[in-house]
Student: 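Mind looking over this structure? Questions follow.
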Amino acid sequence: ILNFYLTGEVLKILNKFYKRKEMQRLGGENGLDARLFHQAFISFRKYILDSSFLSADVHIILNDICCGAGHVDDLFPFFLRHAKQIFPMLDCMDDLRKISDLRLPPNWYPEARAIQRKIVFHAGPTNSGKTHHAIQRYLAAKSGIYCGPLKLLAHEIFQKSNDACVPCDLVTGEERVLVDPEGRQATHVSCTIEMCSTRHLMIRDPARGWAWTRALLGLSAEEVHVCGEVAAIDLVTELMYSTGEEVEVRNYKRLTPITVLDYALESLDNLRPGDCIVCFNKNDIYSVSRQIEARGLECAVIYGSLPPGTKLTQAKKFNDPDDPCKILVATDAIGMGLNLSIKRIIFNSLIKPSINEKGEKEMDAITTSQALQISGRAGRFSSVFKEGEVTTMHRDDLVLLKEILNRSVPPIETAGLHPTAEQIEMFAYHLPDATLSNLMDIFVSLSQVDGLYFVCNVDDFKFLADMIQHIPLNLRVRYVFCTAPINKKQPFVCTSLLKFARQFSRNEPLTFDWICRHTNWPLVPPKNIKDLVHLEAVHDVFDLYLWLSYRFMDMFPDANLVRDIQKELDNIIQIGVRSITRLIRASEATSVSGQFSSVTKVPGQKRIRGSKALGYKPAEVQSNMKSYGQGSLAARLVREGLLTQEMLKQLEREWQVHHNNNGNFPTGKRDNQNGSKGTGKKK
């Protein structure tokens with residue numbers, strides 16, 4: 001009884017200590033934010049209450065507090081001592097804070113600060129000529145570097161420069177092309193933004209904004225030309241003010257008119273040559289393209305996971321006036337990087353999945369910036385259609401589209417930053433037992449930025465770090481593997497990265513034969529959509545190999561051979577995309593035969609329609625309804641915000657009532673024990 005009483009008193013003392021604002025403030029001063037303070041307290045409380053032997057000093061101070069001779073605040077030194085045991089970083093907090101201080105990014109680039117740069121911002125909407133004017137200055141300069149957001153754009157400028165007799169090299173994450181036969185570097189370079197060398201801009205992008213920030217602040221060039229929307233002018237001007245550089249703003253207006261129509265398409269029967277239907281997921285791409293070809297029309301298909309060569313081939317097919325293909329079905333991948341002759345943009349939906357700055361997936365209507373970027377692809381100056389049109393597939397969406405397009409684009413207020421390998425290595429020196437994922441977490445939590453910057457989302461980095469944590473790699477190699485540009489939603493690509501890392505850790509080179517065995521090369525044209533998706537993943541695995549080969553040439557020695565089979569694979573994927581509706585039909589046939597093979601004549605029974613033909617019982621109906629809820633239609637309706645989980649459950653209940661009432665759907669009366677109300681109409 002005495003022990004129980006003492007335990008209760010000690011628990012009261014500990015809880016009182018935890019709630020003291022002064023203790024939380026002292027914790028913050030010693031590196032314990034609210035989250036760490038809470039975790040440390042839980043551990044400290046467990047230590048006090050569960051330990052069979054407490055140190056004498058802790059025992060004495062608790063006894064004094066119980067007897068009224070001490071104060072709960074006297075526990076803090078012992079609490080902090082315990083916190084440092086479970087969070088070793090607290091002992092070197094000052095050093096870690098200095099390492100993660102991101103408040104003066106301009107000072108990271110002394111070479112750029114040593115020259116007086118001229119910053120020219122070309123501001124305007126799509127099809128305004130802003131990029132054209134910047135590229136003309138690039139071609140006229142004695143030397144230059146083009147930084148683009150996509151491999152397609154880097155390739156386009158590489159080709160354009162060399163066609164204009166301006167020798168230009170190409171540098172992307174997966175490819176290096178030197179135009180000089182003897183291997184000397186050209187005076188001009190076209191690269192993807194992550195590959196630009198600051199020693200020789202998407203600035204609010206929560207994942208890639210750091211690359212644009214680095215280029216803008218760090219490029220050692222006499223002139224830096226930035227192309228973007230008006231919303232970025234103030235931020236770029238503020239950033240350059242911090243470096244002592246002025247920004248010259250050149251504004252551009254759209255070269256061709258574009259009209260938002262007063263009517264929706266409503267039916268695919270109303271399609272005409274030059275139409276582009278924009279969808280925001282591949283399932284809709286498959287569905288729409290199938291319906292179009294069912295009407296005797298040919299359509300081209302473009303979406304993000306297609307290889308660059310396949311995208312260009314589909315774009316060429318759509319643009320060719322002699323080709324019978326006059327309709328394009330695409331995702332927002334057409335927003336940049338492809339020259340397309342589009343007359344009318346038709347939004348199949350206005351709901352688009354996105355990742356916020358916290359790494360959370362959100363389903364929301366497209367932003368004004370996105371709507372303008374996509375709509376602007378219609379009626380381009382260089383296309384056969386000199387005037388563009390924009391509308392929606394569904395009448396209800398048209399009002400929302402007009403509202404979105406009429407909003408002003410909110411200004412971009414912050415630029416992204418990302419921890420460098422050097423900074424993480426310095427953290428690891430102080431915290432040798434921490435995992436890379438934990439090092440990144442601690443860095444982000446301690447980092448300090450001023451009002452112009454934010455720390456980019458590191459969830460993808462941490463996902464890969466956790467995935468390969470068990471593989472013995474040195475920190476620099478581990479960091480490089482975790483920055484690999486892969487889609488974590490593709491299991492085969494993630495598995496490949498894991499196998500690459502394991503092979504690397506054994507110091508066994510990943511040869512051409514090894515990669516062929518891993519991918520089952522040679523591959524054949526796809527027979528259905530599942531095959532096509534797998535081929536796209538294999539293409540990404542080849543991309544990953546090439547990306548790693550430029551960072552670890554001795555361990556990934558066969559880049560040229562892999563690049564050759566990747567080109568072959570691109571051609572194989574093109575074959576599949578050209579006959580995509582056949583693949584869709586094959587997939588649907590397989591799905592239907594798999595799901596409804598039981599809808600056949602059962603010996604001894606009559607063949608009838610409905611759930612009775614399947615031999616369902618009420619419980620089975622509900623189970624089937626739940627599995628249906630995971631199917632493509634319900635999933636798509638949920639994704640697009642047209643159906644909620646609550647509505648889906650209501651449909652399940654009504655389906656069961658329908659079955660129990662011999663096929664009659666519930667009316668306005670209470671039809672079931674749950675008191676669910678019907679609508680008074682059949683559904």
Student: Take atom CD of Glu246 as the centre, draw a 6.0 Å sphere, and report whether it contains more than 12 heavy atoms from other residues, nucleotides or ligands.
Tutor: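 Not buried by this count: 12 neighbours or fewer within 6.0 Å.
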Student: Between Arg551 and Trp547 (side chain of the first, backbone of the second, donor and acceptor by atom type, cut-off under 3.5 Å), is there such a pair?
Tutor: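 The answer is yes, because a donor-acceptor pair under 3.5 Å joins these two groups.
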Student: For Thr256 and Asn127, test the side chains for any donor-to-acceptor distance below 3.5 angstrom and give the result as yes or no.
Tutor: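 Side-chain D/A pair, Thr256 to Asn127: present.
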Student: State, yes or no, whether a side-chain contact exists between Glu156 and Asn339 at a heavy-atom distance under 4.5 Å.
Tutor: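 Yes, side chains in contact.
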Student: Under 4.0 Å between a side-chain nitrogen and a carboxylate oxygen: does that hold for Lys151 and Asp543?
Tutor: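 Salt bridge: yes.
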Student: Hey, is the main chain of Ala141 close enough, under 3.5 Å, to the side chain of His188 for a donor-acceptor pair?
Tutor: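 Yes, because the side chain of His188 sits within donor-acceptor range (under 3.5 Å) of the backbone of Ala141.
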Student: Assess the pair Phe500 and Phe481: is the distance between their ring centroids shorter than 6.0 Å?
Tutor: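 Phe500 vs Phe481: aromatic centres not under 6.0 Å.
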Student: Using atom types as modelled and distance alone, determine if a side-chain donor or acceptor of Ser190 lies under 3.5 Å from a backbone N or O of Ala154.
Tutor: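 Answer holds: yes.
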Student: Treating Asn30 as the side-chain partner and Leu80 as the backbone partner, does any N or O pair qualify as donor plus acceptor under 3.5 Å?
Tutor: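 Pair absent, no side-chain N/O of Asn30 close to backbone of Leu80.
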Student: Please tell me if the side chains of Val449 and Thr414 come closer than 4.5 Å, counting only heavy atoms from C-beta onward.
Tutor: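 No, their side chains stay 4.5 Å or more apart.
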Student: Any ion pair linking Arg20 and Glu22 (charged N to carboxylate O, less than 4.0 Å)?
Tutor: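 Result for this pair is no, no salt bridge flagged.
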Student: Go through the side-chain N and O atoms of Glu194 and Thr192 and say whether any donor and acceptor fall under 3.5 Å apart.
Tutor: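 Side chains of Glu194 and Thr192: no pair found under 3.5 Å.
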Student: Kindly give the heavy-atom pair with the smallest separation between Ile345 and Arg377, and that separation in Å.
Tutor: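 Shortest heavy-atom contact: CD1-CB, 4.4 Å.
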Student: What's the separation between atom OH in Tyr429 and atom CD1 in Ile99, rounded to the nearest 0.5 Å?
Tutor: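 One finds 10.0 Å between OH of Tyr429 and CD1 of Ile99.
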Student: Looking at side-chain heavy atoms only, is the closest gap between Leu216 and Met240 below 4.5 Å?
Tutor: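 SC-SC contact between Leu216 and Met240 confirmed.
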Student: Atom NE2 in His539, atom OG in Ser305: separation rounded to 0.5 Å?
Tutor: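 Result: 11.0 Å between the selected atoms.
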Student: Rounded to the nearest 0.5 Å, how far does OG of Ser447 lie from CG of Asp101?
Tutor: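 So the gap between those two atoms works out to 9.5 Å.
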Student: If you look at every heavy atom in Leu497 and Ala484, which pair is closest and at what distance?
Tutor: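 Of all heavy-atom pairs spanning Leu497 and Ala484, the closest is CD1-CB, 4.5 Å.
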Student: Using side-chain heavy atoms (C-beta onward) and a distance below 4.5 Å, is Asn348 in contact with Val278?
Tutor: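 They are not in contact (no side-chain heavy atoms under 4.5 Å apart), so the answer is no.
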Student: Which distance, rounded to the nearest 0.5 Å, do you find between the CG of Leu239 and the CG of Leu235?
Tutor: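 Separation between the atoms: 4.5 Å.
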Student: Do the charged groups of Asp450 and Arg103 touch, with an N to O distance under 4.0 Å?
Tutor: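 The answer is no: the pair does not qualify as a salt bridge.
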Student: Can you give me the closest heavy-atom contact between Cys276 and Ile334, atom names plus distance?
Tutor: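 The pair with the smallest heavy-atom distance is SG-CD1, 3.7 Å.
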Student: Give a yes or no on whether the backbone of Gly183 and the side-chain of Asp180 come within a donor-acceptor separation of less than 3.5 Å.
Tutor: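 Present.
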Student: Is the shortest heavy-atom distance from the side chain of Leu431 to the side chain of Leu439 under 4.5 Å?
Tutor: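 In contact.
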Student: What verdict does the side-chain contact (heavy atoms from CB on, under 4.5 Å) test give for Leu32 and Leu26, after you've listed the backbone C-alpha separation in whole Å, the side-chain angles of each residue and the deciding distance to 0.1 Å?
Tutor: CA-CA 8 Å; Leu32 292 167; Leu26 282 173; over 6 Å; no
Student: Mark yes or no for whether Arg113, through its side chain, and Leu217, through its backbone, hold a donor-acceptor pair below 3.5 Å.
Tutor: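 Yes; judged by distance alone, with no hydrogens or angles, the pair exists.
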Student: Judged by modelled atom types alone, do Thr435 and Asn438 share a side-chain donor-acceptor pair under 3.5 Å?
Tutor: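 Checked: Thr435/Asn438 side chains pair up, N/O donor to acceptor below 3.5 Å.
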Student: Run the salt-bridge test on Glu425 and Arg476 with the 4.0 Å N-O cut-off and return the result as yes or no.
Tutor: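 So Glu425 pairs with Arg476 through a salt bridge.
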Student: Of all the heavy-atom pairs spanning Leu340 and Ala315, show the shortest one and how long it is.
Tutor: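 Of all heavy-atom pairs spanning Leu340 and Ala315, the closest is CD2-CB, 3.5 Å.
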Student: Determine whether Gln490 and Asp540 make a side-chain contact, defined as any pair of heavy atoms from C-beta on separated by less than 4.5 Å.
Tutor: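 In short, these two side chains touch, coming nearer than 4.5 Å.
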Student: Tell me which one of Thr367, Leu372, Val399, Thr368 satisfies side-chain contact (heavy atoms from CB on, under 4.5 Å) with Ile404.
Tutor: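 Considering Thr367, Leu372, Val399, Thr368, a side-chain contact (heavy atoms from CB on, under 4.5 Å) with Ile404 is found only for Thr368.
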Student: Any Lys/Arg nitrogen of Arg250 or Glu248 sitting under 4.0 Å from an Asp/Glu carboxylate oxygen of the other?
Tutor: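 Answer for the salt bridge query: yes.
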Student: Which heavy atom in Asp169 sits nearest to a heavy atom in Ala186, and how many Å separate them?
Tutor: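 Heavy atoms only, the tightest pair is OD2-N, 2.8 Å.
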Student: Do the charged groups of Asp441 and Lys462 touch, with an N to O distance under 4.0 Å?
Tutor: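 Looking at Asp441 and Lys462, the cut-off is met.
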Student: Within 45° of the axis and under 6.0 Å from the centre of the six-membered ring of Phe463, does NZ or CZ of Lys488 qualify?
Tutor: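 Flagged: Lys488 positioned over aromatic ring of Phe463.
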Student: With a cut-off of 6.0 Å (strictly less than), are more than 12 heavy atoms of other residues, nucleotides or ligands near NZ of Lys98?
Tutor: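 Result for NZ/Lys98: open.
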Student: Quick one: does Asp332's side chain get under 4.5 Å of Phe280's, heavy atoms only?
Tutor: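 Touching, per the 4.5 Å side-chain cut-off.
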Student: Are more than 12 heavy atoms from other residues, nucleotides or ligands located less than 6.0 Å from atom CD of Gln469?
Tutor: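 Check passes, neighbour count above 12.
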Student: Using side-chain contact (heavy atoms from CB on, under 4.5 Å), reason through Cys191 and Thr172 one step at a time and then give a plain yes or no.
Tutor: CA-CA 5 Å; Cys191 69; Thr172 70; over 6 Å; no
Student: Would you say Thr391 and Arg344 make side-chain contact, with heavy atoms under 4.5 Å?
Tutor: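 A side-chain contact under 4.5 Å exists here.
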Student: At what distance, to the nearest 0.5 angstrom, does CD1 of Ile258 lie from OG of Ser375?
Tutor: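 These two atoms lie 5.5 Å from each other.
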Student: Can the ring centroids of Tyr138 and His225 be said to lie less than 6.0 angstrom from one another?
Tutor: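 Distance test on ring centres: not under 6.0 Å, no.
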Student: Could you measure the distance from the CG atom of Leu219 to the CD atom of Glu111? Nearest 0.5 Å is fine.
Tutor: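 Interatomic distance, Leu219 CG to Glu111 CD, rounded to 0.5 Å: 11.5 Å.
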Student: Take Phe347 and Ile366 through the side-chain contact (heavy atoms from CB on, under 4.5 Å) test and state the conclusion after the steps.
Tutor: CA-CA 11 Å; Phe347 286 94; Ile366 57 175; 3.7 Å; yes
Student: Which label fits Phe158 and His155: parallel for a plane angle under 30°, tilted from 30 to 60°, or perpendicular past 60°?
Tutor: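 Perpendicular: the ring planes of Phe158 and His155 meet at over 60°.
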Student: Keeping Ser161 on the side-chain end and Ile157 on the backbone end, is there a donor-acceptor pair under 3.5 Å?
Tutor: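 Flag set: sc Ser161 to bb Ile157 pair under 3.5 Å.
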Student: When you check the side-chain N and O atoms of Gln448 and Ser100, is any donor under 3.5 Å from an acceptor?
Tutor: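 No, because no side-chain N or O of Gln448 sits under 3.5 Å from a partner of the opposite role on Ser100.
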Student: Can you give me the closest heavy-atom contact between Met440 and Pro419, atom names plus distance?
Tutor: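 Taking Met440 first and Pro419 second, the nearest heavy atoms are SD-CG, 3.5 Å.
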Student: Both conditions, 6.0 Å and 45 degrees, for the charged tip of Arg380 above the ring of Phe385: are they met here?
Tutor: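 So Arg380 doesn't make the cation-pi contact.
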Student: For Arg563, does its backbone N or O pair with a side-chain atom of Tyr545 as donor and acceptor, under 3.5 Å?
Tutor: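 It does not hold such a pair.
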Student: Looking only at atom types and distance, does a side-chain atom of Thr331 sit under 3.5 Å from a main-chain N or O of Ala333, one as donor and one as acceptor?
Tutor: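 Side chain of Thr331 to backbone of Ala333: a pair is present.
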Student: Using modelled atom types only, decide if a donor and an acceptor are shared between the side chain of Gln423 and the backbone of Thr420 within a distance under 3.5 Å.
Tutor: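 Confirmed, Gln423 side chain pairs with Thr420 backbone.
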Student: As a quick check of understanding, evaluate salt bridge (charged side-chain N to carboxylate O under 4.0 Å, His left out) for Asp364 and Lys352, giving each step before the final call.
Tutor: CA-CA 6 Å; Asp364 205 351; Lys352 182 182 187 305; over 6 Å; no
Student: Please report the C-alpha distance between Cys494 and Met467 in whole Å, then the side-chain angles of each, then the deciding distance to 0.1 Å, and finally whether the side-chain contact (heavy atoms from CB on, under 4.5 Å) criterion is met.
Tutor: CA-CA 9 Å; Cys494 291; Met467 187 173 72; 3.9 Å; yes
Student: Does this structure show an ion pair linking Glu223 with Arg137, if we count only N-O contacts that are shorter than 4.0 Å?
Tutor: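 A salt bridge links Glu223 with Arg137.
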Student: Would you kindly say whether Ser383 and Lys343 are connected by a side-chain donor-acceptor distance under 3.5 Å?
Tutor: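 The answer is no; no qualifying pair exists.
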